[in-house]
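Working notes, structure below.
Just so you know, these numbers use all the heavy atoms, side chains as well, and skip hydrogens, waters and symmetry mates.
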Amino acid sequence: MLTIENIEVTYHHVVQALRGLSLEVPDGKIVTLLGTNGAGKTTTLKAASNLLKLENGEVGEGRILFKGQDIRGIAPDRLVQQGLFHVREGRRIFAEMTVEDNLVAASYALDRRNARADYDKVWDFFPVLKERRRQIAGYLSGGEQQMLAFGRAMIARPQLILMDEPSLGLAPKVVEEIFATIRRLNAEDGVTLLVVEQNAGVAFSVADYGYIMEHGQIVMEGPVEKLRDDQDIRSFYLGVA
Ligand code: ATP
């Protein structure tokens with residue numbers, strides 16, 4: 001579904017954020033990308049959804065293939081129409097609009113006329129959003145805002161979702177709920193996901209395969225059952241001796 005081949009990314013011509021990074025997200029799978037602050041996880045997702053130019057990040061050599069097509073140079077909103085949706089760090093909902101209008105805006109942006117079934121699906125996945133649909137989104141809790149960001153992605157009926165640290169700043173119970181939804185969307189609709197996380201425990205609970213990155217490079221990869229047993233990962237990411 002997504003292949004990143006040997007990409008280099010430099011910000012403002014000086015900060016080298018990615019150094020020949022490659023990874024593969026197979027169709028129908030959930031892949032997680034783990035790493036500490038500043039490792040380059042967000043940059044990897046931005047490269048894959050072509051957001052870097054807007055932020056003064058340049059992709060050097062290398063290729064990014066989505067469904068087999070080289071997507072470099074395709075505008076991010078065109079990529080959404082082609083099935084690639086990036087749920088960005090910090091959630092980025094419309095804080096001053098109601099919950100429902102956030103979904104309406106997402107469907108308008110896609111020129112989707114008959115979106116009621118899409119809204120119903122979001123309500124079904126996140127009943128709390130349905131209860132709060134007339135509330136101003138900025139007043140939702142952090143977890144509910146993450147659900148709304150996820151719901152906006154669902155409206156686009158994507159084939160691939162890139163998710164940037166969905167667990168960030170959320171209570172464990174809410175994180176569980178978000179990740180249960182990730183699993184459900186994958187199982188029911190076959191949506192492929194690349195999930196960036198620092199919380200390895202929860203990421204491993206849903207992912208099939210994981211990559212660990214440091215300083216702009218992949219330093220380890222494997223099926224999650226294998227990564228879970230690795231001594232370094234256990235002590236560094238899972239906090240077990
Ligand atoms: P975090 O978990 O803190 O978001 P990350 O693994 O997602 O970290 P990135 O945000 O991709 O890491 O950052 C990778 C490197 O690129 C860091 O050294 C960071 O300081 C730098 N960087 C990121 N964005 C920019 C930018 N817009 N301009 C300059 N440097 C940047």
Task: Met154 with Tyr108, same ILVMFWY side-chain cluster at under 4.5 Å - done: yes
Open item on the list: Would Tyr209 and Glu221 count as a side-chain hydrogen bond (donor to acceptor under 3.5 Å, both in side chains) here? Give the steps.
Closed with: CA-CA 8 Å; Tyr209 198 88; Glu221 66 179 277; 2.7 Å; yes
Task: Minimum heavy-atom distance Ile136-Ala95, with the two atoms named - done: CG2-O, 3.1 Å
TODO: Determine whether Gln146 and Ser167 make a side-chain contact, defined as any pair of heavy atoms from C-beta on separated by less than 4.5 Å.
DONE: no
- [ ] Please determine which of Val9, Asn6, Ile4, Leu52 meets the side-chain contact (heavy atoms from CB on, under 4.5 Å) test together with Leu18.
- [x] Val9
Task: Main-chain N/O of Ile74 paired to Asn50 side chain as donor or acceptor, under 3.5 Å - done: yes
Task: Over 12 non-hydrogen atoms of neighbours within 6.0 angstrom of CD in Glu61 - done: no
TODO: For Asn199 and Glu165, run side-chain hydrogen bond (donor to acceptor under 3.5 Å, both in side chains): C-alpha distance rounded to whole Å, both residues' side-chain angles, the deciding distance at 0.1 Å, then the answer.
DONE: CA-CA 8 Å; Asn199 183 340; Glu165 287 203 54; over 6 Å; no
- [ ] Please report the closest heavy-atom contact between Leu21 and Gly216, naming both atoms and the distance.
- [x] CB-O, 4.0 Å
Task: Side chain to side chain, Ile233 and Ile212, heavy atoms closer than 4.5 Å - done: yes
Task: Trace of the side-chain contact (heavy atoms from CB on, under 4.5 Å) decision for Met220 with Glu214 - done: CA-CA 9 Å; Met220 200 185 286; Glu214 277 172 25; over 6 Å; no
Task: pair Pro158-Val80: side-chain heavy atoms closer than 4.5 Å - done: no
Task: From CD1 (Ile161) to CG (Leu193), nearest 0.5 Å - done: 5.0 Å
Open item on the list: Run the side-chain contact (heavy atoms from CB on, under 4.5 Å) test on Phe85 and Arg157 for me, step by step, so that the C-alpha distance in whole Å, both residues' side-chain angles and the decisive distance to 0.1 Å come before the verdict.
Closed with: CA-CA 9 Å; Phe85 198 101; Arg157 299 182 204 154; over 6 Å; no
Task: Cationic N near anionic O, under 4.0 Å, Arg92 to Asp164 - done: no
Open item on the list: Treating Asn102 as the side-chain partner and Phe94 as the backbone partner, does any N or O pair qualify as donor plus acceptor under 3.5 Å?
Closed with: yes
Open item on the list: Same cluster or not: Met97 versus Phe126, using hydrophobic residues (I, L, V, M, F, W, Y) connected whenever any side-chain heavy atoms lie under 4.5 Å apart?
Closed with: no
- [ ] Working to the nearest 0.5 Å, report the span between OH of Tyr211 and OG1 of Thr32.
- [x] 11.5 Å
Open item on the list: Just so I know, are the side chains of Tyr119 and Leu129 near enough to count as touching, which here means a heavy-atom distance under 4.5 Å?
Closed with: no
Task: Gln135 backbone acceptor or donor facing Thr98 side chain under 3.5 Å - done: no
Open item on the list: Let me confirm one number: the CZ-CD distance from Arg234 to Gln231, rounded to the nearest 0.5 Å.
Closed with: 6.0 Å
TODO: Locate the shortest heavy-atom distance separating Ala115 from Ser107; write the atom from each residue and the value.
DONE: CB-CB, 3.7 Å
- [ ] Identify whether the distance between the nearest side-chain nitrogen and carboxylate oxygen of Glu144 and Arg132 falls below 4.0 Å.
- [x] yes
Open item on the list: With heavy-atom distances below 4.5 Å as the criterion, would you say the side chains of Thr44 and Leu23 are in contact?
Closed with: yes
- [ ] For the pair Lys121 (side chain) and Ile155 (backbone), establish whether a donor and an acceptor sit closer than 3.5 Å, ignoring hydrogens and angles.
- [x] no
Task: Leu2 vs Ile64, side-chain contact (heavy atoms from CB on, under 4.5 Å): CA-CA, chis, key distance, verdict - done: CA-CA 7 Å; Leu2 177 73; Ile64 301 170; 4.1 Å; yes
- [ ] State, to 0.1 Å, how close Leu84 and Ala48 come at their nearest heavy-atom pair, and which atoms those are.
- [x] CD1-O, 3.8 Å
- [ ] Kindly determine whether Phe150 and Met163 satisfy side-chain contact (heavy atoms from CB on, under 4.5 Å), including the steps that lead there.
- [x] CA-CA 9 Å; Phe150 201 158; Met163 276 210 144; 3.5 Å; yes
Open item on the list: With a 3.5 Å distance limit and no angle check, can you tell me whether Asp118 reaches the backbone of Ala156 through a side-chain donor-acceptor pair?
Closed with: no
- [ ] Quickly, which of Asp208, Thr192, Val31 forms a side-chain contact (heavy atoms from CB on, under 4.5 Å) with Pro26? Name it, please.
- [x] Val31
Open item on the list: How long is the straight-line distance from CG of Leu168 back to CD of Gln198, given to the nearest 0.5 Å?
Closed with: 7.5 Å
Task: Within-4.5 Å side-chain heavy-atom neighbours: Val219 and Met213 - done: no
- [ ] May I ask you to check whether over 12 heavy atoms, not counting those of Arg183, lie within 6.0 Å of atom CZ?
- [x] yes
Open item on the list: Are the side chains of Leu162 and Lys46 in contact, using a 4.5 Å heavy-atom criterion?
Closed with: no
- [ ] Kindly say whether Gln82 contributes a backbone atom to a donor-acceptor pair with the side chain of Lys67 at under 3.5 angstrom?
- [x] yes
Task: Shortest non-hydrogen contact between Leu34 and Ala203, atoms and distance - done: CD2-CB, 4.1 Å
Open item on the list: Any heavy-atom pair between the side chains of Val122 and Leu103 that's under 4.5 Å?
Closed with: yes
TODO: List the steps, then state whether salt bridge (Lys or Arg N to Asp or Glu O under 4.0 Å) holds for Arg134 with Asp101.
DONE: CA-CA 8 Å; Arg134 296 194 215 296; Asp101 283 348; over 6 Å; no
Open item on the list: Which heavy atom of Pro166 sits nearest to which heavy atom of Ile178, and what is that distance?
Closed with: CB-CG2, 4.1 Å
Task: Donor-acceptor under 3.5 Å (Glu100 side chain, Arg133 main chain) - done: no
Task: Pairwise distance CG(Leu45) to CD(Glu89) - rounded to 0.5 angstrom - done: 9.0 Å
Open item on the list: Tell me whether Asp70 contacts the main-chain N or O of Arg72 through its side chain, where contact means a donor paired with an acceptor under 3.5 Å.
Closed with: yes
Open item on the list: A quick test of your reading: do over 12 heavy atoms of other residues, nucleotides or ligands sit less than 6.0 Å from CD of Glu176?
Closed with: no
- [ ] Starting at CD of Glu24, measure out to CG of Leu65 and round the result to the nearest 0.5 Å.
- [x] 8.5 Å
